[in-house]
Amino acid sequence: MRYAAQKGTKDILPQDIYRWHKAEQTFAEVCHSYGYEEIRIPTFEQTDLFQRSVGDTTDVVQKEMYTFDDKGGRSITLRPEGTAGVVRSFIENGMTSLASPVRMFYNITAFRYENVQKGRMREFHQFGLEAFGAQGPEIDAEIISILTVFFDRMGIKNTKLCINSIGCPTCRKAYNDKLKDYFRPNLEKMCDDCKSRFDKNPLRMIDCKDDRCKAFAAGAPRLIDYLCEDCNNHFESLKKQLENLGIKYEIDSSIVRGLDYYTRTVFEFKSENVGTQGTICGGGRYDGLVESMDGSSVPGIGFAMGAERFLMECEAQGIEIEKPNYVKVYLASLNDEVKPFISKTCLELRRAGIGCEQDLVGRAFKAQMKYANKAKIPYVIVVGEDEIANNKVNVKNMADGSQTEVALDGIVSFFENI
Ligand code: HAM
């Protein structure tokens, strides 16, 4: 029997991994330049953590979680996103007492049982970050700017930033009443999920994926028209800060995000190249989340970017990512007798951090040269008994064919200096 990768999962093959490395390294560098440090969180958490934070009326919790009982009878869930785990870690590790803002970034796999299509996987990767303890809109603008700097550094152009405010529990309460008045006459025609969301969390009815419900939701009142004074000031100030930084945005009142913890600022970067939903990245503020998870009252904000979708965007925009050549030199053997010498020389080169290769499968000399050429190894050294006896080799530069004579015992320093 031949096995196949599970639906919605994908191998990232060695020939493609350099693109991932480039994006991961650039994201880490940009985050570091803003004072963020990396956090690594576990792949699974207790199920209740996601139910409480992401929210039990969301599609993610109701339909998409990989949940199972472990052998000890605990209900475990593979993380569908990173924020809940980071918030849990922030509280559990006493980070509430650290100087604000506490800033962390991550690069994780996430798992959602979704209908698989372009840009929508069951196991996918997220580059994300979370910042705790900053109340004002300055940090909202700053984390959005992190994304624009990352896009610039990767050469990505023309992504569309959409922002919205979904207010705080105070404005949400008045709005929920308006929303219920709006949906009530048609409630019977809506899906069962929406019927139960009507009482528990009517905001979720706005991002229902059912076509019948989408049509009703299109004309629903907009939360942005019901913001309280504080939320409105926060949003107005954010807009000014983005303008000050020269970051273009559109206000899109349909963005409510699919997770329950958000308050005030929410945003998404969109592009047509990454699938039907077109969202490369989404995030926002979650000022009540830490407190609701038994922590102290600490505001938070963050975002996560789908790595697959981001790389899809790079490809669609024709971004060329250079493939690094980790192997600098190939040591070709003219006969078997010189192989022990080559092995020792390779070991010395590698100890000095210089990538090299030798023949491991018994290729004839010509085939070795062909292999080195095909593998695009930039330098080749041919080693025979004469070279060893004379303590001299020619280092061939494969790009221009030039040769440099080097003493055998000087190979390491030669490569250290080019
Ligand atoms: P999210 O919008 O659920 O937010 O996911 C963030 C990004 O992950 C999406 O914009 C998309 O690029 C990618 N993504 C989501 N689901 C899939 C999927 N099935 N296949 C491929 N890519 C996917 C969050 O996860 C929040 N935790 C973001 C956040 C952090 N908010 C505050 N802090």
Side-chain angles (χ1 to χ4, degrees), residues 7-10 12 23 27 31 36 39 41 45 49-50 53-55 58-61 63-66 78-90 101-132 134 139-140 143-144 146-147 150-151 159-164 166 204 207 209 255-271 273-290 299-314:
K7 187 170 176 188
T9 70
K10 217 172 163 198
I12 303 166
F27 184 67
C31 289
Y36 285 69
I39 182 168
I41 48 168
E45 304 269 357
L49 174 75
F50 300 113
S53 56
V54 173
T58 59
D59 274 356
V60 171
V61 167
K63 301 175 188 167
E64 297 167 3
M65 292 208 304
Y66 280 89
L78 301 184
R79 60 183 174 213
E81 55 103 59
T83 311
V86 175
V87 169
R88 192 250 329 120
S89 176
F90 174 77
V102 177
R103 289 160 292 181
M104 301 179 253
F105 72 94
Y106 49 84
N107 171 7
I108 59 169
T109 46
F111 306 85
R112 296 184 192 176
Y113 190 82
E114 297 225 52
N115 288 326
V116 176
Q117 48 180 262
K118 183 180 174 194
R120 210 191 264 168
M121 313 273 296
R122 291 187 176 166
E123 180 186 26
F124 57 98
H125 296 74
Q126 286 188 338
F127 303 151
L129 59 77
E130 313 294 344
F132 299 91
I139 198 159
D140 306 27
I143 75 158
I144 289 172
I146 293 181
L147 282 157
F150 174 68
F151 291 151
T159 52
K160 191 164 85 177
L161 167 65
C162 299
I163 61 170
N164 189 23
I166 57 170
R204 284 274 74 84
D207 65 338
K209 289 176 189 140
I255 297 180
V256 291
R257 310 280 299 127
L259 314 160
D260 271 353
Y261 43 66
Y262 291 108
T263 52
R264 293 192 169 171
T265 309
V266 285
F267 64 90
E268 290 179 350
F269 276 86
K270 299 192 178 202
S271 158
N273 300 320
V274 299
T276 44
Q277 294 154 323
T279 312
I280 301 177
C281 168
R285 211 163 242 292
Y286 46 84
D287 290 342
L289 181 59
V290 174
I301 183 163
F303 67 73
M305 173 166 37
E308 284 80 2
R309 291 190 196 178
F310 174 73
L311 289 170
M312 212 181 263
E313 181 67 25
C314 288

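When a ligand or atom number is given, it counts from 1 through the structure's own listing order. Numbers here are sequence positions counted from 1.
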Item checked: Aromatic plane relationship, Phe310 with Phe150 - under 30° parallel, 30 to 60° tilted, over 60° perpendicular -> tilted
Note to self: Give me the residue, atom name and distance of the protein heavy atom closest to atom 7 (C) of ligand 1.
What the structure shows: Ala304 O, 3.5 Å
Notebook entry, point to check: Where's the contact between Ala110 and ligand 1, heavy-atom distance under 4.0 Å: side chain, backbone, both or neither?
Noted result: neither
Notebook entry, point to check: What atoms of ligand 1 come within less than 4.0 Å of a heavy atom belonging to Gly119?
Noted result: 20 (N), 21 (C), 22 (N)
Check: Looking at Arg120 and Glu64, does any basic side-chain N land under 4.0 Å from a carboxylate oxygen?
Finding: no
Check: Which protein heavy atom lies closest to atom 13 (C) of ligand 1, and at what distance to 0.1 Å?
Finding: Gly306 CA, 3.6 Å
Next item on the list: Between Ile280 and ligand 1, find which residue part has any heavy-atom pair under 4.0 Å and reply side chain, backbone, both or neither.
Entry: backbone
Next item on the list: Give a yes or no on whether the ring-centroid distance for Phe269 and Phe151 is below 6.0 angstrom.
Entry: yes
Check: Of all the non-hydrogen atoms in the protein, which one sits nearest to atom 14 (N) of ligand 1, and at what distance?
Finding: Phe124 CE1, 3.5 Å
Note to self: Side chain or backbone, does Tyr262 bring an N or O within less than 3.5 Å of an N or O on ligand 1?
What the structure shows: yes
Note to self: If you take the nearest heavy atom of each of Arg257, Glu308, Glu130, Glu81, which one is closest to atom 4 (O) of ligand 1?
What the structure shows: Arg257
Item checked: Residue Gly283 vicinity, atoms of ligand 1 by number, heavy atom under 4.0 Å -> 31 (N)
Check: Parallel, tilted or perpendicular for Phe132 and Tyr286, by the 30°/60° rule?
Finding: perpendicular
Check: Passes side-chain hydrogen bond (donor to acceptor under 3.5 Å, both in side chains), Tyr106 versus Glu130? Steps please.
Finding: CA-CA 9 Å; Tyr106 49 84; Glu130 313 294 344; 2.5 Å; yes
Check: Just wondering, do Asn164 and Tyr262 contact through their side chains at under 4.5 Å, heavy atoms?
Finding: no
Next item on the list: Verify salt bridge (charged side-chain N to carboxylate O under 4.0 Å, His left out) between Arg204 and Asp260, making sure each step is shown before the conclusion.
Entry: CA-CA 8 Å; Arg204 284 274 74 84; Asp260 271 353; 2.4 Å; yes
Notebook entry, point to check: Is the closest heavy-atom distance from Cys281 to ligand 1 below 4.0 Å?
Noted result: yes
Check: Counting heavy atoms only, which of Arg112, Glu268, Met121 is nearest atom 20 (N) of ligand 1?
Finding: Met121
Notebook entry, point to check: Any heavy atom of Tyr261 sitting closer than 4.0 Å to ligand 1?
Noted result: yes
Next item on the list: Can you sort out which atoms of ligand 1 are near Tyr286, meaning under 4.0 Å from one of its heavy atoms?
Entry: 32 (C), 33 (N)
Item checked: Short N-O contact, Glu268 and Arg257, less than 4.0 angstrom -> yes
Margin query: Side chain, backbone, both or neither: which applies to Phe127 and ligand 1 if a contact is any heavy-atom pair less than 4.0 Å apart?
Written below: neither
Check: Counting heavy atoms only, which part of Arg120 comes closer than 4.0 Å to ligand 1: side chain, backbone, both or neither?
Finding: both
Margin query: Using a 4.0 Å cutoff against the non-hydrogen atoms of Thr83, which atoms of ligand 1 qualify?
Written below: 26 (C), 27 (N), 29 (C), 30 (C), 31 (N), 32 (C), 33 (N)
Checklist line | Nearest non-hydrogen protein atom, atom 24 (C) of ligand 1 | finding: Leu259 CD1, 3.5 Å
Note to self: Give me the nearest non-hydrogen protein atom to atom 11 (C) of ligand 1 as residue plus atom name, then the distance to 0.1 Å.
What the structure shows: Arg309 NH1, 3.5 Å
